[in-house]
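A, B, ... follow the sequence lines: proteins, then strands. Residue 1 opens every chain.
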There are 2 protein chains.
Amino acid sequence: MRKEQSSNAINEQFLFQVCALNSAISVISGRWKSQLVYSIYQGNNRFHLLSKALPNIAEQVLARQLKELEAQQILLKKIIPGTTPAGIVYELTLKGRELVPLLQGLCNWSNKFAAGAPVPVPAYQAGAGG
Amino acid sequence: MRKEQSSNAINEQFLFQVCALNSAISVISGRWKSQLVYSIYQGNNRFHLLSKALPNIAEQVLARQLKELEAQQILLKKIIPGTTPAGIVYELTLKGRELVPLLQGLCNWSNKFAAGAPVPVPAYQAGAGG
DNA sequence: TTATTGGCTCACAATTTTGTTCGCTATTGC
DNA sequence: GCAATAGCGAACAAAATTGTGAGCCAATAA
């Protein structure tokens, strides 16, 4: 549970006020979270599909992270009628869908500068070999 | 210190392998971190300037976060010669500079969907009033 | 009757992150 | 001799996140 008056929580709130960037980061920064968003985007829109796509995640953790993403309005749950036990489909909201290209941007950025990747050279240096 | 063999650490590594997205998230997700990148980008390139820009951060925490950002090659330190005590300038690397627009994207995304913001309406619904 | 399915909730333990206290460098100025 | 400056490092405490063990629902198949 949150302490609300801890320095930690106060600093978090402070950052939220400084720039919405920090709220965005806090939304996507939990373990599994952005990967879940991306997995759902790819069509793994059921609990067991996500479980299969990310074999290391415990079901309890999966449930918790999904719940948080729902609270943050990144996704929503829809009950599939006439199934037993009732199945649930996870769908990205507009907010969630618009997050995806940003995540892809981060992915590309990370790949570009990964260890072992060819060193990126600024344009004005490229070919300036002597 | 890291435990390396904890489920937590193993899962983190697992996600790093699934997609570079997860490495990117782990780079920017510490408290203060992306705000520091942005502050440096805005010209607060000295320790005391950052301290002033973010009055709530403890100096030791600031030092630690800067050190981590340096280890992740987001920024680098340059000693100002002939000053006493020796001053240090923080500069974004290419990797750091290319992170900035992604952070701005996250900021815009967050603002767009913030509570109180006008509800974004998909194009095909806009004006479909009957 | 018991196991199985799909999706969870709750409480607690393990781990990690964040903040705090103390101290250090080395020079200038009072 | 002592404070101030600019920038930290180490060790520890507080808080937050993540993982784990147990169990629940309600129908249906074995």
Exercise. Atom CD of A:Gln13 and atom C1' of C:dT18: how far apart are they, to the nearest Å?
Worked result: 16 Å
Exercise. Looking only at side-chain N and O atoms, does B:Trp32 come under 4.0 Å of OP1 or OP2 in C:dT17?
Worked result: no
Problem set entry | Check: B:Val61 and B:Gln65 side chains under 4.5 Å, non-hydrogen atoms | yes
For this session: Take A:Thr84 and A:Arg31, find for each the nucleotide of DNA chain C with the closest heavy atom, and name the residue whose nucleotide sits nearer the 5' end.
Result: A:Thr84
Exercise. Given C:dT9, C:dT16, C:dG6, which nucleotide is nearest the side-chain atoms of B:Ser6?
Worked result: C:dT16
Exercise. B:Gln60 side chain: which of D:dA16, C:dC22, D:dA22 is closest?
Worked result: C:dC22
Exercise. Quick one: on DNA chain D, does A:Val61 or B:Val89 contact a more 5' nucleotide (nearest heavy atom)?
Worked result: B:Val89
Seminar exercise, completed: Here the distance between atom P of D:dG9 and atom CZ of B:Phe47, to the nearest Å, is 9 Å
Problem set entry | Residue pair B:Ser39 / B:Ala53: nearest heavy atoms and the distance that separates them | OG-CB, 4.0 Å
Exercise. Just wondering, do A:Lys33 and A:Ile28 contact through their side chains at under 4.5 Å, heavy atoms?
Worked result: no
Seminar exercise, completed: With B:Phe113 as partner, the option from A:Gln72, A:Gln73, A:Glu98 fulfilling side chain to side chain contact (heavy atoms under 4.5 Å, CB included) is A:Glu98
Problem set entry | Phosphate contact (C:dT5 OP1 or OP2) by A:His48 side-chain N/O below 4.0 Å | no
Problem set entry | Atom-to-atom span, CG of B:Leu15 to P of D:dT17 - whole angstrom | 17 Å
Problem set entry | Presence of A:Ser7 side-chain N/O under 4.0 Å of C:dT18 phosphate oxygens OP1/OP2 | no
For this session: Grab the CD1-C1' distance between A:Ile25 and D:dT17 for me, whole Å please.
Result: 17 Å
Seminar exercise, completed: Assert: residue with more 5' nearest nucleotide on DNA chain D, out of B:Lys67 and B:Glu12, is B:Lys67
Problem set entry | Residue A:Gln65, side-chain atoms from C-beta onward, closest of D:dT20, D:dT18, D:dA6 | D:dT18
For this session: Would you mind reading off the distance between B:Leu54 atom CG and C:dT18 atom P, rounded to a whole angstrom?
Result: 14 Å
Exercise. Quick one: B:Asn56 CG to C:dT20 C1', roughly how many Å, whole number?
Worked result: 15 Å
For this session: Just call it for B:Lys33: base, sugar-phosphate, or nothing, with non-hydrogen atoms closer than 4.0 Å on any strand.
Result: nothing
Exercise. Hey, does B:Leu50 have a side-chain heavy atom less than 4.5 Å from the side chain of B:Leu66?
Worked result: yes
Problem set entry | Residue of the set A:Ile74, A:Leu75, A:Leu62 for which side chain to side chain contact (heavy atoms under 4.5 Å, CB included) holds with A:Leu36 | A:Leu62
Problem set entry | Nucleotide nearest A:Ala63 when distance is taken to its side chain, options C:dG19, D:dG7, C:dT9 | C:dT9
Exercise. Within this structure, what is the CD1-to-P distance between B:Ile10 and C:dA14, rounded to whole angstrom?
Worked result: 16 Å
Exercise. Between D:dA14 atom P and A:Asn8 atom CG, what is the distance in whole Å?
Worked result: 14 Å
Problem set entry | Side chain A:Arg64 and base D:dG19 donor-acceptor under 3.5 Å | yes
For this session: Kindly say if A:Asn11 contacts the phosphate of C:dG19, meaning a side-chain N or O under 4.0 Å from OP1 or OP2.
Result: yes
Exercise. In terms of side-chain heavy atoms of B:Pro85, which of C:dT20, C:dG7, C:dA26 is nearest?
Worked result: C:dA26
